[in-house]
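One structure below.
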Amino acid sequence: MADLQDVGAFVAVARNGGFREAARKTGNSPSQLSEAVRRLEAGLGVRLLHRTTRSVAATDAGQRLLEQLTPALDAVATAMDVVNGFRDRPAGRLRLNVPTSASKLVLPRILPPFHKAYPDITLEVIVDDSFVDLLRTGCDAGIRYGERMEQDMVAMPIGPREQRFALAAAPAYLQEHGTPKKPEDLLHHICLRGRFNSGTMPPWEFEHKGKKVVIEPSGPLIVNLGAAADLKVDVAVGGAGLVYLFEDWLQPYFDRGELVPVLERWWPAFQGPMLYYPGRRYLPAPLRAFVDFIQTMRW
């Protein structure tokens with residue numbers, strides 16, 4: 001029978017794609033994890049991980065083992081978490097996978113009062129703008145917008161129920177280039193674009209009195225949406241072009257007069273973010289506490 005600690009070391013390394021990241025997540029050293037995996041491989045007589053100087057990946061045997069172990073380890077974690085019900089207040093670790101927009105616009109309002117209410121819960125936030133599998137990455141829950149939700153997940157609103165995309169420019173830009181009067185005018189303006197990690201460059205969408213207009217603008221700058229969005233805003237503040245982003249993201253710049261709303265009556269509304277997590281009967285105590293706390297908040 002393999003040592004459970006060695007099994008746990010293998011799972012951590014396989015899920016995190018390397019010894020350094022697994023060590024950071026588990027609190028062990030990379031050398032300890034490496035030795036544990038070697039013991040497990042020696043005991044089984046099968047190589048479980050491909051190791052190079054740059055990456056670590058599960059072999060076919062390792063992937064099959066990981067798939068078989070995951071439900072069992074989840075069951076063990078659930079059984080251990082039952083003890084939380086006998087504490088005065090929940091404790092443990094909660095891992096959230098969220099996009100950059102949620103880390104900037106949603107979580108800052110939630111985390112201070114949540115930590116005050118549940119000081120024994122450690123919340124680990126992984127900011128990732130790509131679409132990921134929660135269970136594969138070892139996360140308990142995530143925040144996404146409705147059109148990017150995984151199937152077979154429980155979802156609930158978190159943050160504003162409705163948001164808008166806003167168009168803005170610096171006063172200096174508008175003074176030099178003029179103010180667009182309708183969305184089609186943007187084809188003759190300098191626009192600062194964004195691209196998703198998938199490579200898709202979304203168009204700029206507008207809506208007014210039931211009329212929808214989709215624009216494919218052009219400009220001298222394209223940034224990675226999410227991680228580099230602030231760069232796009234800073235460039236717009238410098239007067240280099242028009243920026244199209246979440247209204248709440250741009251609101252501080254409006255308040256300071258660094259940016260001016262453009263075509264405001266055409267700004268499209270969309271459903272706010274959702275907290276989602278696996279639909280299972282028993283939720284770990286930290287996740288249950290977080291879900292209950294979100295339900296008490298007013299936006």
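The chain is numbered in sequence order, starting from 1.
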| note | Tightest non-hydrogen contact, residues A141 and L287, listed as CB-CD1, 3.8 Å
Please set out all donor-acceptor pairs under 3.5 angstrom arising from side-chain atoms of residues 208-237, sequence neighbours excluded.
from	atom 1	to	atom 2	distance (Å)
H208	ND1	R265	O	3.4
N224	ND2	N197	OD1	3.3
D230	OD1	W249	NE1	2.9

| task | Side-chain contact test, heavy atoms from C-beta onward, threshold under 4.5 Å: evaluate it for T200 versus R195 and give yes or no. | result | no
Side-chain donor/acceptor pairs under 3.5 Å, residues 102-118, sequence neighbours excluded:
from	atom 1	to	atom 2	distance (Å)
S103	OG	T100	O	2.7
R109	NH2	R298	O	2.4

| said: I need the Q295 CD to L275 CG distance, nearest 0.5 Å. | reply: 9.5 Å
| request: Return the set of residues passing ring-ring contact (aromatic ring centres under 6.0 Å, His included) with H50 (not counting sequence neighbours), or none when no residue passes. | output: none
| request: Taking the side chain as every heavy atom from C-beta outward, state whether W267 and P261 have any atom pair closer than 4.5 Å. | output: yes
| task | With rounding to the nearest 0.5 Å, note down the distance linking CG in N97 to CD in E124. | result | 10.5 Å
| field | Side-chain (D3) to main-chain (Q5) donor-acceptor, under 3.5 angstrom | value | yes
| field | Contacts of type ring-ring contact (aromatic ring centres under 6.0 Å, His included), residue Y253, not counting sequence neighbours | value | none
| note | Here the salt bridge (charged side-chain N to carboxylate O under 4.0 Å, His left out) pairs for residues 32-45, sequence neighbours left out, are D6-R39, E35-R38, E41-R51
| V154 with F293, same ILVMFWY side-chain cluster at under 4.5 Å | yes
| note | Quick note, salt bridge (charged side-chain N to carboxylate O under 4.0 Å, His left out) partners involving residues 238-264, not counting sequence neighbours, are R164-E247, R164-E264, R256-E258
| message | Is the shortest side-chain heavy-atom distance between D140 and L96 below 4.5 Å? | response | no
| request: May I have all residue pairs that pass salt bridge (charged side-chain N to carboxylate O under 4.0 Å, His left out) and include part of residues 169-179, sequence neighbours excluded? | output: none
| field | Heavy-atom check, side chain of P273 versus side chain of R144, under 4.5 Å | value | no
| task | Decide whether L192 and L167 are clustered together by the hydrophobic rule: side chain heavy atoms of Ile, Leu, Val, Met, Phe, Trp, Tyr closer than 4.5 Å, transitively. | result | no
| said: Restricting to non-hydrogen atoms, name the atom on L186 and the atom on L242 that form the minimum distance, rounded to 0.1 Å. | reply: CD2-CD1, 3.8 Å
| request: Before giving the answer on side chain to side chain contact (heavy atoms under 4.5 Å, CB included), spell out for E67 and L65 the whole-Å C-alpha distance, their side-chain angles and the decisive distance to 0.1 Å. | output: CA-CA 5 Å; E67 292 170 357; L65 178 60; over 6 Å; no
| query | Looking at residues at least two apart in the chain, or sitting in another chain, which of them share a side-chain contact (heavy atoms from CB on, under 4.5 Å) with Q68? | reply | none
| request: Show your reasoning for whether ring pair (Phe, Tyr, Trp, His ring centres under 6.0 Å) applies to F290 and Y277. | output: CA-CA 11 Å; F290 190 72; Y277 51 91; 9.7 Å; no
| remark: Residues H189 and D185: closest non-hydrogen pair is CD2-O, 3.2 Å
| task | Ignoring hydrogens and angles, tell me if any N or O in the side chain of D292 forms a donor-acceptor pair with the backbone of A289 under 3.5 Å. | result | no
| query | Given the rule that I, L, V, M, F, W and Y join up when any side-chain heavy atoms are under 4.5 Å apart, are V11 and I126 in one cluster? | reply | no
| query | Would a 4.5 Å heavy-atom cut-off, applied to side chains only, mark M201 and F196 as touching? | reply | no
| note | What one should report as the nearest heavy-atom pair of V262 and P180 is CG1-CD, 3.8 Å
| query | With sequence neighbours left out, what residues match R24 under salt bridge (Lys or Arg N to Asp or Glu O under 4.0 Å)? | reply | E21
| remark: Minimal heavy-atom distance between L174 and A169, with the atoms involved, is CD2-CB, 3.9 Å
| Among all residues two or more places apart in sequence or in another chain, which pass the side chain to side chain donor-acceptor pair (under 3.5 Å) test with S31? | S29
| message | Please report whether the ring centroid of Y276 lies less than 6.0 Å from that of Y145. | response | no
| field | Counterpart residues, salt bridge (Lys or Arg N to Asp or Glu O under 4.0 Å), relative to D60 (two or more places apart) | value | none
| message | Whether the side chain of T59 engages the backbone of L48 through a donor-acceptor N/O pair (distance < 3.5 Å, no angle test) should be reported. | response | yes
| Which atom of A168 lies closest to which atom of L250, heavy atoms considered | CB-CD1, 4.0 Å
| Within the distance-only criterion (no hydrogens, no angle test), does the side chain of R193 pair as donor or acceptor with the backbone N or O of C191 below 3.5 angstrom? | no
| task | Under the ring-ring contact (aromatic ring centres under 6.0 Å, His included) rule, collect the residues that match up with F19, sequence neighbours excluded. | result | none
| said: Is the shortest side-chain heavy-atom distance between Q271 and E162 below 4.5 Å? | reply: no
| query | Going through the checks in order, is the side chain to side chain contact (heavy atoms under 4.5 Å, CB included) test met by V291 and M156? | reply | CA-CA 9 Å; V291 169; M156 59 178 287; 3.6 Å; yes
| query | Taking C-beta and beyond as the side chain, do P286 and R93 meet within less than 4.5 Å on heavy atoms? | reply | no
| field | Minimum side-chain heavy-atom gap F165-F270 below 4.5 Å | value | yes
| said: Applying side chain to side chain contact (heavy atoms under 4.5 Å, CB included) to I190 and Y173, what does each step give before you reach the verdict? | reply: CA-CA 9 Å; I190 302 171; Y173 175 88; 3.9 Å; yes
| CZ on R64 to CG on L66, rounded to 0.5 Å | 11.5 Å
| request: Decide if the gap between the ring center of F206 and the ring center of Y244 is smaller than 6.0 angstrom. | output: yes
| query | For the atom pair SG (C139) and CZ (R15), what is the distance rounded to the nearest 0.5 Å? | reply | 10.0 Å
